[in-house]
Number of protein chains: 2
Amino acid sequence: MTYAVAPPWRKSSTLAPWERRGRYATLEADSYVTPAAPAGSHPLAEPALSAALRARAEAIEVAFGAVEPAVRGIVPRQFEPGFAQSACEELRAALGIDVPPAMLRATWTSPLDARALYARSVLGTFCRLVERGFDRNLAGLAEGDDAEALVHRWGFHAVDVTPCADGRLGGLVDYILRVPPALVASRTPYAGAMFDVEEALRAWETAELRRREEGRSAVVPARYLKIGVYHFSSVDPAHAGCAAHGSDAVRAATALLERLQQFEEAVRRLHGSVAAVATLLVGVDTDTDAIRVHVPDASGRLSLERAVDNAALYEATKNVSREAAKEIVRDAVAACAGVSANDAATEGMRWFCGYLLKNNLGQVDAVRAWHGGSYADRGHTERLIVAGDPMEDVALRNLAFQAQLTTVEEGAADLDVGMKILRERHEAQDLCVPVLVHVRYDRQIPGAHLRAEARARRLREAIFARYARIEPFPDPYVEAFVRGGEGALEAVA
Amino acid sequence: MTYAVAPPWRKSSTLAPWERRGRYATLEADSYVTPAAPAGSHPLAEPALSAALRARAEAIEVAFGAVEPAVRGIVPRQFEPGFAQSACEELRAALGIDVPPAMLRATWTSPLDARALYARSVLGTFCRLVERGFDRNLAGLAEGDDAEALVHRWGFHAVDVTPCADGRLGGLVDYILRVPPALVASRTPYAGAMFDVEEALRAWETAELRRREEGRSAVVPARYLKIGVYHFSSVDPAHAGCAAHGSDAVRAATALLERLQQFEEAVRRLHGSVAAVATLLVGVDTDTDAIRVHVPDASGRLSLERAVDNAALYEATKNVSREAAKEIVRDAVAACAGVSANDAATEGMRWFCGYLLKNNLGQVDAVRAWHGGSYADRGHTERLIVAGDPMEDVALRNLAFQAQLTTVEEGAADLDVGMKILRERHEAQDLCVPVLVHVRYDRQIPGAHLRAEARARRLREAIFARYARIEPFPDPYVEAFVRGGEGALEAVA
């Protein structure tokens, strides 16, 4: 059962601690606090932020939309004299990318490999967008220097998000949750959000050690928050849900909740600290982007049945004042936690849940305004797979399937889900699946660059080996890159 | 250049801090302090400990030596009535192992797979020895409760040993270095000792967090000691050295030194603590078991050229009194470090190096006494490969090639070295290479047991896949086991 909120319209003059203070985000103007807002203008909508996010989405769509016409356009002229040179220039002009001359050499016995050229152009476009460096903070998500203070105010010292690798959650942080990138310390997607508990434990140990080194533990007792994100489809639940869990929302949520509990229990048993870790379970309806927040109860326990559903909350708040809407969110969270709205012990987590719900109402509003309630592409339209370390720079719904893996041997199940999804669409059009291998390294660790290159090469070979064997046609098209910190992508030979 | 010691026979009434206090180890009796000790009775020899170690080695050899005769013996009778039953009983009586009935069923069209039966019996024997649980402390290595105190006295809070995976270093901790097992917090062998710096960093972070949690950091400033161990052959340097480094001792030592420096530098850069980590480089002559200790200088720097060579030290000390011998060791270490023997800043590390050298003189003495100076089997005679997590329980020279790996994909280079080594010997005798997949798990982590089984199965399949493809005959014979803590080995179906 999900709490659709029984709202006692309480008044409060205090601003909630989730108020944005960013450039576009300061939507405190009275004009938005209208009792009955018109469609697309929910009292908690953030039109300026939504517009900025939409502009970014459109810029990304335009860039990828240009690939097929550009490649198609040059193919018929491949036997003309001077083709390689002119095609290279054309692609540079149309897509802003440089294609290696060898890919543009065509003879009557060896014509262009247009499928490889297309895949290369998709990857090149992705890399160009990464390098263009969308300033995610400019999109109005920034809380500036406040991000860390904000997190601390909620009682957390780090926020770790583990979503499903599904491309429809690609815009999770920026679009769906609308939280500042600085707020999320790490994001590691896995098929079905099935993260490795031992690996998560090591990540926690690293974060905890850093916290102690910085002497933060002595100042404020703060917890490490791990958020697991599953997803489902409200329009076509039996087919458009999570592929890794057979499109079964209950199965997806159950499995993820179990992992979160295992992780929490492991930290407790091995490090003896009861208060070291908090967990949160969040569901996303990939048709409407509405989230479902499983608010922990007073003892920190999560439940599949107890959740605040933002689809219902949207309806309950769309015709009230801004302040009243916030009250409704606040009360729904408290009711779900089973505590009073003034309970001090659960305050930090409740504020955080309210912050996520309120932000997400803005996204639900935007999806309704632009897509008539839900996305037209409720299935998969991902353009590439990112395999290796996650890449957040070009975050957009349905753009990339991100498979977090160190080796294909252990990550094969994840990658298989992605390959199956992308092959369906690409094979129908006689296209290769573009795969970008991405390995991060820490510039501070001597030798890390060379080891990252070796790992990227190994992943590239393992992907070829696995998918060429299973089904020879069409092969995936794989290129490998490494990246040190926030530096440029470096192609690996 | 290695320091072969210029000994100023200084007198000292204080016992060195490396004196053993265990059951066999208290060799303080005057009888051993003879000015000119007979062969096999070096003044720093530990005959009782050596005898105990030898008895253990012989028990292990006898157990494995019984496998071939037992299996050979039953093969000619495979077509007799009641064979499966009687063979099963015979193998149990001869080897103490239970062979699955299916392996003992023979018909005139499907005779016994004697190669599989042999390999299975080798693995079964290994498992039986693990379960018999040689009490390594009973071998006289124990310092009892003193191990931790001892480590702290040297200024370390944990000792991490990274040797080459070569089977000739199998007895490194018990035989060659003769240190109590409790003293070594972790031992992870890699082919050529080429450990992964990022993985080592994570292991350090885990240890450092634990230390801080236990509040030990506040009491004594102590360092994490990482020891890298390479090896070489004094008798046949060009062929019987480290296979992973082309039997080139300088190459092996150079590569390992570089890794150690990268590790130290990574901890320094990422965690800012100059004094957090100490590194030590040790070489082993696999013909004589004599070690070469690259003592750090006053600033903690290691050098390939600066080392105390225990082969030379053995000669320099064999005809002096016990006290004089200790003085020689002490002075050799100080000379190598380039400090006076009273230098307080380097005292802990120098004591530790002296402890290793003195212990190892006992092993050099034992090898000389039993093998006439050097081992007869200077090459490889390993009986199995242990792949996955290291297994210390049955530690003996040339018994097992231990390949530390999480996946075959990233550990293939290590495993290839081991397969190449074992195939040479096994193929010549028309035998399969027995491979034991071993995955440890932490009983405290919920779900860890199931994940360990999955990992063990994945490793087993990946090993089959890799080596069946490269060379179909003879295949490796692979069985998988998991183990929680110090519990029993659990076979994975």
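Below, chains carry the letters A, B, ... as their sequence lines are ordered, and counting in each starts from 1. Computed from a prediction, not measured in an experiment: that's the story for all the values here.
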Margin query: Out of Glu461(A), Arg202(A), Glu410(A), Arg259(A), return the one with the most heavy atom pairs under 4.5 angstrom to chain B.
Written below: Glu410(A)
Note to self: Side chains of Gln444(B) and Glu265(A), heavy atoms from C-beta outward: is any pair under 4.5 Å?
What the structure shows: no
Notebook entry, point to check: In terms of heavy-atom proximity below 4.5 Å to chain A, should Val267(B) be classed as side chain, backbone, both, or neither?
Noted result: neither
Notebook entry, point to check: Quick one: what part of Ala454(B) sits under 4.5 Å from any heavy atom of chain A, side chain, backbone, both or neither?
Noted result: neither
Checklist line | Check: Asp442(A) and Arg269(B) side chains under 4.5 Å, non-hydrogen atoms | finding: no
Check: For the candidates Leu209(B), Leu201(B), Leu459(B), which exhibits the highest count of non-hydrogen atom pairs separated by less than 4.5 Å from chain A?
Finding: Leu209(B)
Margin query: Heavy-atom cut-off 4.5 Å, strictly under: side chain, backbone, both or neither for Arg458(A) against chain B?
Written below: both
Check: Which of these passes side chain to side chain contact (heavy atoms under 4.5 Å, CB included) with Pro446(B): Gln262(A), Gln261(A), Glu264(A)?
Finding: Gln262(A)
Note to self: How close do Glu205(B) and Thr206(A) get, counting heavy atoms only, and between which atoms?
What the structure shows: OE1-OG1, 2.7 Å
Next item on the list: Please tell me if the side chains of Glu198(A) and Arg455(B) come closer than 4.5 Å, counting only heavy atoms from C-beta onward.
Entry: no
Note to self: When you compare the side chain of Glu409(B) with that of Thr406(A), does any pair of heavy atoms fall below 4.5 Å?
What the structure shows: no
Notebook entry, point to check: Do the side chains of Glu213(B) and Arg212(A) get nearer than 4.5 Å, heavy atoms only?
Noted result: yes
